[in-house]
Amino acid sequence: RLYGIGGDTSIFALAAQTADHADISKASVLQAIEGLCGKTDDQLRRVEDVPGAQIQPHLVIPKLILLYAVLDLLGAPHVTYLPTNGLCGGILVTPDFWCD
């Protein structure tokens, strides 16, 4: 399993918002890129249910492209977003994520 962690404006939060669920497929990221490319910052700010676009419209497309490229490079079909608020490093030592 592949998990993506971060806060409201993280790359994974943005992808989850555009996919409308926490399990983000590579295909849904590509669909979001294709649907949002060409929009101005003002248009991105008005995209419903995507707070990340309202806060950082200039980073929407670069973040989605980066996520798609990494998923493609890893050969990962999807990533699951887990919202966090600070101390993300603590997840690296949490047994729930590393033990069967």
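Contact annotation: the side chain of Phe12 approaches that of Leu67 to within less than 4.5 Å [non-hydrogen atoms, C-beta and beyond]. When side chains are defined from C-beta on, Thr18 does not count as touching Val47, because their heavy atoms never get closer than 4.5 Å. No side-chain heavy atom of Asp20 sits less than 4.5 Å from a side-chain heavy atom of Asp49.
Across every non-hydrogen atom of Ala16 and Ala22, the tightest pair is CB-CA, 4.3 Å. For Lys63 against Leu14, the heavy-atom pair with the smallest separation is CB-CD2, 3.9 Å. For the residue pair Tyr81 and Ser10, the shortest heavy atom distance occurs at CE1-OG, 3.9 Å. Summarising the geometry of Pro57 relative to Asp41, their closest heavy-atom pair is CB-O, 3.6 Å, with the distance given to 0.1 Å. Here the shortest heavy-atom pairing between Ala76 and Leu2 reads CB-CD2, 3.8 Å. Across all non-hydrogen atoms, the minimal contact from Ala15 to Val29 is CB-CG2, 4.5 Å.
Using modelled atom types, one side-chain atom of Thr84 and one backbone atom of Gly6 make a donor-acceptor pair closer than 3.5 Å. At least one donor-acceptor pair closer than 3.5 Å links the side chain of Gln43 to the backbone N or O of Thr40.
For the atom pair CD (Gln31) and NZ (Lys26), the distance works out to 14.5 Å, reported to the nearest 0.5 Å. Atom SG of Cys37 is separated from atom CD1 of Ile65 by 5.5 Å, given to the nearest 0.5 angstrom. For the atom pair CD1 (Ile24) and CD1 (Ile11), the distance works out to 9.0 Å, reported to the nearest 0.5 Å. The CD atom of Gln17 sits 13.0 Å away from atom CD of Glu48, with the distance rounded to the nearest 0.5 Å.
Transitive grouping of hydrophobic side chains (ILVMFWY, heavy atoms separated by less than 4.5 Å) keeps Leu71 and Leu59 in distinct clusters. Hydrophobic clustering places Ile33 together with Leu66 (ILVMFWY residues linked when any side-chain heavy atoms are closer than 4.5 Å, directly or through intermediates).
For Asp8, the CG atom is loosely surrounded, since the number of other residues' heavy atoms within 6.0 Å does not exceed 12.
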